[in-house]
S.K.: 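Before I ask anything, here is the structure I am working with.
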Amino acid sequence: MRILFRIEARKLFRSPAFWLILALYTVSIIVILSGAEAFMNKVVGDARKNSPIPIPEFSLYAFPYIWHNLTYIAGLFKFLLAFTIILFICNEFSYRTIRQHIITGMSRESFFLAKLLSTVALSFYAASIVFGASLVLGFIHSGESETINFSAKLFFVAVYFLEVFAYLSFAGMIAFLAKKTGVAVIIFVIYAFIAEPTLGFRLPEEVSWYLPLKTFGRMIDVPNTSLMKLFGVNFSETVKWIDVVMTLIYTSATNLIIMLKLKFSDY
Amino acid sequence: MGQVIIETKSLSKHYGRIKAVDGLNLKVCRGEVHGILGPNGSGKTTTLGIVLGVIRPLSGTYKWFGNEPSATDRRRIGSTLENPLFYPYLNASDNLKIIADIRDCPHDGIDDVLQTVGLSERKKSRFSTFSMGMKQRLAIAAAMLGDPEVLIFDEPTNGLDPQGIAEIRNLVRHIAANGKTILMASHLLDEVQKLCTHVTVLQHGRCLYSGSVGQFGHSEDVVEVSTDDNTGLKAILESWKGCYSAEEVQGRLHVKLNSGFSASSLNEYAFSNGHVLGHISLISKTLEQNFLDLLKNNL
């Protein structure tokens, strides 16, 4: 296990492409998270001028709601990580290093495990960034009374980890099935940004509810803002177990498909 | 005969209607330098791919060291398969570290194998900057890492210039001299003749010949003779123990000899039986001729 991790780390950490995408992701996430409140208040501020009723200021960074708010926002940008996973899995096919791995003495199961480890590590990294950013922003913006129960909704970070892991497993499955980087990226983009959203609107609610990416995203639903309360819209303030269970089922299925595909293919 | 290193039993792999490997039985014993010889598309790489675990056979079985196939046993085998396969953005040393980690052997051996293939100077260069010859040598270095008992080289001199070819061949000889078992696929007869002790000739995925290179070359020595009475001579020669076969070709007899007999012993035998040869010459069929004949006869 430790050796598999070392092998994967060497491939990733020495790759300029990996650092580029990771830096891009990290910087944009931090910029977006720390600028989100100001941005929303600016938008709402413009609307307020013409509004007959008073619209309250947004406060995204108050503990413990910050965990929900920021994991939700960060969740919108997880596709960058999906590209990393697709790129690095498809590399193994385009360089045909998967073949070299097997003839050198790595079992197909170990190869799968190595990729699973990378996916877990990347998801862990994404969760850590959100955790760190939220912690810092929270302490800067929260008063003493709020700081006392700062850990109340900390579980959102764990759920965010699962959300990213599920999403990356799905991207990994497409990469393993398509094998070619370009093809995999196109399939993924078409599915994630066009096909599934379209289906989400077209299909009846009871069917579209099962769409995988929608399910992953639904775990951390749109946070309730004071604005929404004003309009009487109420979103879930917590995570529903059924969504977590569904996500776990989907993630097991995608990884099982990857495993079977690996086991029964020629390289 | 030494310990059996690899044995395949009626191995088959079809791609659609193409039978890439068709009921192949292959056996390689310890210490052999075993060539797999065949034209392009004869199933050499597919065969090696199967026994190295990357291609799943349609039917048939194979055993390494007498064991069922396993990733752990593959670590005792160093191999190159077709083109050298490495990460282009990693340097030679990092690429070999990955190989060493997969094989679960220490990194200390990396400098040694790079030295052996003459790449020490370039160990910090990215693989993508390497020439074809250097890539090929890095692949051989990777195969040698961890001092495996068996080495498999698939077309090791493919794409190399004459100097590169000579270097690789010397390297293979050097490895063989250390008592390693080598399995080498090649479509170059000359290469097999120069390097191998044993050869398996493949065509359309089937084995046409398997045995020592010496026998493959020699059994086909043909002596061409003629006399006034070819028919009588033929009858006499056919009852001679030194004669494997005799046939009349354009007014002359082509006599294949059994091993241990030479043109002069034939001459002596004919003379003592009352036939004075008007013509005698040795048509030593080269391995190449032999190979081509073998392929032609099996089309």
Side-chain angles (χ1 to χ4, degrees), chain A residues 1-23 84 87-118 121 176 179-181 259-267, chain B residues 13 15 20 45-46 48-58 64 69-91 93-107 124 126-128 138-139 142-143 145-146 148 150-152 154:
Chain A
M1 197 84 142
R2 230 188 63 227
I3 285 190
L4 288 181
F5 199 79
R6 197 161 77 178
I7 292 170
E8 290 303 297
R10 200 180 300 282
K11 291 177 203 169
L12 290 175
F13 294 168
R14 300 285 160 102
S15 155
F18 173 74
W19 289 117
L20 188 73
I21 304 180
L22 203 69
T84 320
L87 178 69
F88 277 87
I89 288 174
C90 290
N91 271 354
E92 303 280 9
F93 294 102
S94 48
Y95 304 149
R96 302 187 76 188
T97 35
I98 180 169
R99 180 177 227 192
Q100 188 66 40
H101 278 48
I102 294 171
I103 67 176
T104 307
M106 186 183 271
S107 67
R108 288 156 193 246
E109 289 80 2
S110 298
F111 190 87
F112 165 74
L113 205 59
K115 291 294 168 249
L116 192 67
L117 278 176
S118 303
F176 270 104
K179 293 185 182 178
K180 291 193 169 66
T181 319
M259 176 73 212
L260 292 175
K261 170 75 182 153
L262 258 173
K263 201 158 171 55
F264 295 106
S265 294
D266 289 345
Y267 297 101
Chain B
K13 177 73 182 179
Y15 292 108
T45 299
T46 309
L48 293 182
I50 292 172
V51 297
L52 288 171
V54 288
I55 297 173
R56 298 162 51 83
L58 179 73
W64 279 103
S70 74
T72 326
D73 269 338
R74 284 203 296 276
R75 295 179 191 163
R76 298 163 68 184
I77 309 155
S79 35
T80 68
L81 203 51
E82 281 179 305
N83 306 315
L85 308 170
F86 295 101
Y87 297 93
Y89 59 84
L90 292 183
N91 65 37
S93 181
D94 280 334
N95 268 306
L96 292 189
K97 281 178 188 163
I98 290 180
I99 300 285
D101 282 343
I102 295 173
R103 207 169 270 163
D104 206 5
C105 69
H107 292 181
K124 291 290 174 199
R126 285 178 175 211
F127 178 68
S128 56
L138 186 64
L145 201 58
V150 184
L151 286 134
I152 295 184
D154 186 12

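We name chains A, B, ... by the order of the sequence lines, and we start the count at 1 in each one. Just so it is clear, the values below take in all heavy atoms, side chains as well, and ignore hydrogens, waters and symmetry mates.
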S.K.: How long is the straight-line distance from CD1 of I103(A) back to CG of L85(B), given to the nearest 0.5 Å?
M.R.: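 Here the interatomic distance stands at 7.0 Å.
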
S.K.: Quick one: CZ on F13(A) to CG on L90(B), what's the gap to the nearest 0.5 Å?
M.R.: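 Rounded to the nearest 0.5 Å, the CZ-CG separation comes to 13.0 Å.
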
S.K.: List the residues meeting side-chain hydrogen bond (donor to acceptor under 3.5 Å, both in side chains) with S93(B), not counting sequence neighbours, and say none if there are none.
M.R.: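 Partners of S93(B) by the side-chain hydrogen bond (donor to acceptor under 3.5 Å, both in side chains) criterion come out as none, since no residue qualifies.
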
S.K.: Could you walk me through whether Q100(A) and V54(B) pass the side-chain contact (heavy atoms from CB on, under 4.5 Å) check?
M.R.: CA-CA 9 Å; Q100(A) 188 66 40; V54(B) 288; over 6 Å; no

S.K.: Mind checking the NE2-CD1 spacing from H101(A) to I98(B)? Nearest 0.5 Å is all I need.
M.R.: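 With rounding to 0.5 Å, NE2 (H101(A)) is 6.0 Å from CD1 (I98(B)).
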
S.K.: So how far is it from R126(B) CZ to R14(A) CZ, rounded to the nearest 0.5 Å?
M.R.: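 So the gap between those two atoms works out to 11.0 Å.
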
S.K.: List the steps, then state whether side-chain contact (heavy atoms from CB on, under 4.5 Å) holds for Y89(B) with Y95(A).
M.R.: CA-CA 11 Å; Y89(B) 59 84; Y95(A) 304 149; 4.0 Å; yes

S.K.: Quiz question: by atom type and distance under 3.5 Å, do the side chains of Y87(B) and E92(A) form a donor-acceptor pair?
M.R.: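 E92(A) and Y87(B) do have a side-chain donor-acceptor pair below 3.5 Å.
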
S.K.: Would you say that E82(B) contacts R96(A) through its side chain, given a criterion of any heavy-atom pair below 4.5 Å between the two side chains?
M.R.: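 Yes, side chains in contact.
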
S.K.: Just give me the residue among I77(B), L52(B), T72(B), I50(B) that pairs up with chain A most often, heavy atom to heavy atom, under 4.5 Å.
M.R.: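 Result: the option with the highest number of such pairs is L52(B).
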
S.K.: Keeping R75(B) on the side-chain end and G105(A) on the backbone end, is there a donor-acceptor pair under 3.5 Å?
M.R.: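 The answer is yes, because a donor-acceptor pair under 3.5 Å joins these two groups.
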
S.K.: Does D101(B) come within less than 4.0 Å of R10(A), counting only side-chain N to carboxylate O?
M.R.: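 Answer for the salt bridge query: yes.
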
S.K.: Side chains of R103(B) and M106(A): closer than 4.5 Å at any heavy-atom pair?
M.R.: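 When only atoms from C-beta onward are counted, M106(A) and R103(B) do not touch, as no gap falls below 4.5 Å.
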
S.K.: Donor-acceptor check, side chain of R108(A) to backbone of G53(B), threshold 3.5 angstrom: yes or no?
M.R.: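 Yes; at least one donor-acceptor contact below 3.5 Å.
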
S.K.: Could you list which of residues 259-267 of chain A have a heavy atom closer than 4.5 Å to any heavy atom of chain B, in residue-number order?
M.R.: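 Heavy-atom contacts from residues 259-267 of chain A to chain B are K263(A), F264(A), S265(A), D266(A), Y267(A).
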
S.K.: Check whether R74(B) reaches the backbone of I102(A) with its side chain - one donor and one acceptor, N or O, closer than 3.5 Å.
M.R.: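 Yes; at least one donor-acceptor contact below 3.5 Å.
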
